[in-house]
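Worksheet: the structure to be examined is printed underneath.
As the structure lists them, so they are numbered: ligands from 1, and atoms in each ligand from 1.
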Amino acid sequence: MNTQVNGTIAVFGATGQQGGAVVDALLDRGARVRALVRDPESGRAQALAARGVELAAIRIDDPASLADALATVEAFHFMTPEANSLDEVEAEIRVGTALVDAAVAAHVPHVVFNSVFGADQETGVPHHDSKHWIEEHLGKSGLRATMVRPAAFMEGFASVMAPSLEHGKIVLRLPLAEDVAVKMISVRDIGRIAAAVLLDTADAPGGAIDLVADELTGPQIAAAFGARAGLPARYEALPLTVLPSELDRAMFRQFAQAAEHPADLAVVRAIEPATLDLAEWIRAIGWTVPTNAVAP
Ligand SMILES: NC(=O)c1ccc[n+]([C@@H]2O[C@H](COP(=O)([O-])OP(=O)(O)OC[C@H]3O[C@@H](n4cnc5c(N)ncnc54)[C@H](OP(=O)(O)O)[C@@H]3O)[C@@H](O)[C@H]2O)c1
């Protein structure tokens with residue numbers, strides 16, 4: 001077993017993307033996992049149980065349920081739910097605060113908060129500043145804490161930011177200037193690195209790790225998909241006004257500012273040598289040319 005931690009590890013959000021990837025990586029390494037779920041009967045919770053994950057029913061507004069779920073665990077990983085409005089940002093902070101307070105009540109030996117790249121500072125992006133405040137709350141809690149701060153998920157290029165096929169070319173459109181490099185990582189690798197931190201097989205100097213596996217401009221991202229498709233590729237920079245949400249506009253402005261400071265891509269590979277760059281991720285997910293082609 002590739003772990004220095006033998007006790008149970010608690011995971012919040014295990015039925016979601018990142019928490020699910022953390023569970024995958026922990027189970028691969030032979031760890032015992034307890035998932036904190038709001039609906040133990042849901043299909044996703046039951047699928048976890050079928051893989052040997054213990055389920056603990058929790059309610060965010062019930063501190064006793066949270067502290068019970070965290071009793072006797074050796075480490076705890078949490079992320080906070082997606083926020084698409086200022087009300088949801090408030091809810092996100094409530095979730096993070098409740099989880100930290102429960103970890104304090106349960107004397108959890110090590111808490112890993114899956115935050116966001118850049119949350120070491122306030123940036124004016126509401127759903128990033130929420131994570132900054134949760135980091136501060138955790139930092140002041142007296143608990144041993146590690147922040148893992150993922151950049152944009154590569155999975156976005158298979159959903160909301162997916163390229164299209166138009167007139168025989170792969171076309172990618174993002175609200176970012178051509179020379180802005182986007183920092184990114186796959187959800188699989190977020191899970192692997194978080195698991196290494198939880199199992200104490202990875203160091204986090206200063207109590208935090210930025211999770212960046214690749215850093216590419218729009219034209220470079222388009223070219224990576226074009227190379228996979230064997231087709232020419234084109235990038236089109238869109239204005240920020242195409243984004244309906246002010247939260248997203250603030251986030252894309254922040255992507256442009258963050259691009260001024262290149263990341264050290266060796267950091268995550270020192271922990272997980274098989275970390276995927278974008279071209280590898282495109283192959284790993286079996287990406288194929290989109291079928292909703294605009295006719296030539
Ligand atoms: N997208 C990106 O590029 C990116 C990059 C960096 C950081 N982030 C951050 O990542 C976070 C989202 O992570 P994700 O994509 O892994 O989330 P996700 O797939 O949407 O999963 C959310 C998880 O949280 C659980 N959950 C939500 N509200 C809950 C509640 N009140 N009580 C109990 N469980 C609750 C859900 O449980 P159920 O199954 O019961 O719904 C689910 O397991 C956001 O904070 C986002 O800002 C995103």
Side-chain angles (χ1 to χ4, degrees), residues 10-25 33-49 53 55-63 65-66 69-70 76-85 87-99 102 112-119 123 125-135 147-162 174 176 182-191 193-194 209-214 221 245 247-248 250-252 254-255 258 263 278 281:
V11 178
F12 174 85
T15 53
Q17 295 194 81
Q18 298 187 95
V22 173
V23 171
D24 290 346
V33 180
R34 180 182 301 163
L36 277 55
V37 294
R38 54 180 160 184
D39 180 7
E41 300 307 321
S42 75
R44 286 183 179 183
Q46 284 298 312
L48 291 171
V53 173
L55 301 181
I58 52 110
R59 281 182 46 140
I60 284 297
D61 57 1
D62 177 1
S65 76
L66 297 174
L70 293 178
F76 173 42
H77 177 279
F78 75 100
M79 38 61 68
T80 46
E82 188 79 43
N84 294 304
S85 66
D87 282 349
E88 287 178 3
V89 167
E90 292 299 319
E92 178 186 8
I93 294 170
R94 278 198 300 279
V95 169
T97 305
L99 292 171
V112 177
F113 174 39
N114 190 322
S115 175
V116 72
F117 181 86
T123 57
V125 180
H127 54 308
H128 290 193
D129 286 349
S130 51
K131 294 170 179 69
H132 175 74
W133 296 326
I134 296 164
E135 285 197 10
M147 319 300 168
V148 291
R149 301 191 180 120
F153 301 168
M154 290 178 183
E155 281 68 13
F157 296 115
S159 56
V160 286
M161 300 189 292
L174 297 176
L176 284 171
V182 185
K183 295 176 173 57
M184 60 185 88
I185 185 162
S186 76
V187 170
R188 182 201 80 172
D189 291 330
I190 294 171
I193 293 158
I209 306 176
D210 287 338
L211 304 188
V212 185
D214 212 342
I221 298 166
S245 151
L247 273 65
D248 286 341
M251 182 174 72
F252 274 81
Q254 177 55 23
F255 284 170
L278 183 69
W281 174 82

Practice task
May I ask whether V95 has any heavy atom positioned less than 4.0 angstrom from an atom of ligand 1?
Solution key: no
Exercise for the section: Would you mind checking which non-hydrogen protein atom is closest to atom 7 (C) of ligand 1, with the distance to 0.1 Å? Expected result: V116 CG2, 3.7 Å
Handout entry: Between CD on residue Q17 and CD on residue E82, distance to nearest 0.5 Å
Key = 8.5 Å
Exercise for the section: Using modelled atom types only, decide if a donor and an acceptor are shared between the side chain of S65 and the backbone of R59 within a distance under 3.5 Å. Expected result: yes
Problem - Audit row: I185, I193, side-chain contact (heavy atoms from CB on, under 4.5 Å) steps and yes/no - result: CA-CA 11 Å; I185 185 162; I193 293 158; 4.2 Å; yes
Completion exercise
atom 33 (C) of ligand 1 has as its nearest protein heavy atom F12 CE1, 3.4 Å
Exercise for the section: Name the closest protein heavy atom to atom 5 (C) of ligand 1, giving the residue it belongs to and the distance to 0.1 Å. Expected result: F153 CE2, 3.2 Å
Handout entry: For atom 47 (O) of ligand 1, the protein heavy atom that lies nearest, with its residue and separation
Key = K131 NZ, 2.9 Å
Practice task
Specify whether the nearest protein heavy atom to atom 20 (O) of ligand 1 is under 4.0 angstrom away.
Solution key: no
Problem - Selection from Q17, H128, R38 by shortest heavy-atom distance to atom 26 (N) of ligand 1 - result: R38
Practice task
Give the residue, atom name and distance (to 0.1 Å) of the protein heavy atom nearest atom 23 (C) of ligand 1.
Solution key: G13 CA, 3.7 Å
Exercise for the section: Look only at interatomic distance and state if T80 has a nitrogen or oxygen under 3.5 Å from any nitrogen or oxygen of ligand 1. Expected result: yes
Practice task
Could you label the plane-to-plane angle of the F76 and F78 rings as parallel, tilted or perpendicular, counting under 30° as parallel and over 60° as perpendicular?
Solution key: parallel
Exercise for the section: Ignoring hydrogens and angles, state whether a donor on the side chain of E135 or S115 is under 3.5 Å from an acceptor on the partner side chain. Expected result: yes
Practice task
Below 4.0 angstrom from a heavy atom of P150, which ligand 1 atoms are there? Numbered from 1 as shown, please.
Solution key: 6 (C)
Practice task
Run the contact test for G156 against ligand 1 with a 4.0 Å cut-off on heavy atoms, strictly below, and give the result.
Solution key: no
Handout entry: Protein heavy atom at shortest distance from atom 16 (O) of ligand 1
Key = Q18 N, 2.8 Å
Exercise for the section: Taking only heavy atoms of A151 into account, list the atoms of ligand 1 that are under 4.0 Å away from them. Expected result: 5 (C), 6 (C)
Exercise for the section: Determine whether the side chain, the backbone, both or neither of F117 has a heavy atom under 4.0 Å from any heavy atom of ligand 1. Expected result: neither
Handout entry: A83 contact mode with ligand 1 (heavy-atom cut-off under 4.0 Å)
Key = neither
Exercise for the section: List the closest protein heavy-atom neighbour of atom 22 (C) of ligand 1: residue, atom name, distance to the nearest 0.1 Å. Expected result: M79 CE, 3.8 Å
Exercise for the section: Examine distances only and state if a side-chain atom of R34 and a backbone atom of A56 form a donor-acceptor pair shorter than 3.5 Å. Expected result: no
Handout entry: Whether R44 lies under 4.0 Å from ligand 1, heavy atom
Key = no
Exercise for the section: Compute the shortest N/O to N/O distance between G16 and ligand 1 and return yes if it is under 3.5 Å, no if not. Expected result: yes
Handout entry: ligand 1 contact by E92, heavy-atom criterion under 4.0 angstrom
Key = yes
Exercise for the section: For atom 42 (C) of ligand 1, find the nearest protein heavy atom and state the residue, atom name and distance (0.1 Å precision). Expected result: T15 OG1, 3.5 Å
Fill in the blank from the handout: Atoms of ligand 1 under 4.0 Å from any heavy atom of A152, numbered from 1 in the order shown, are 3 (O)
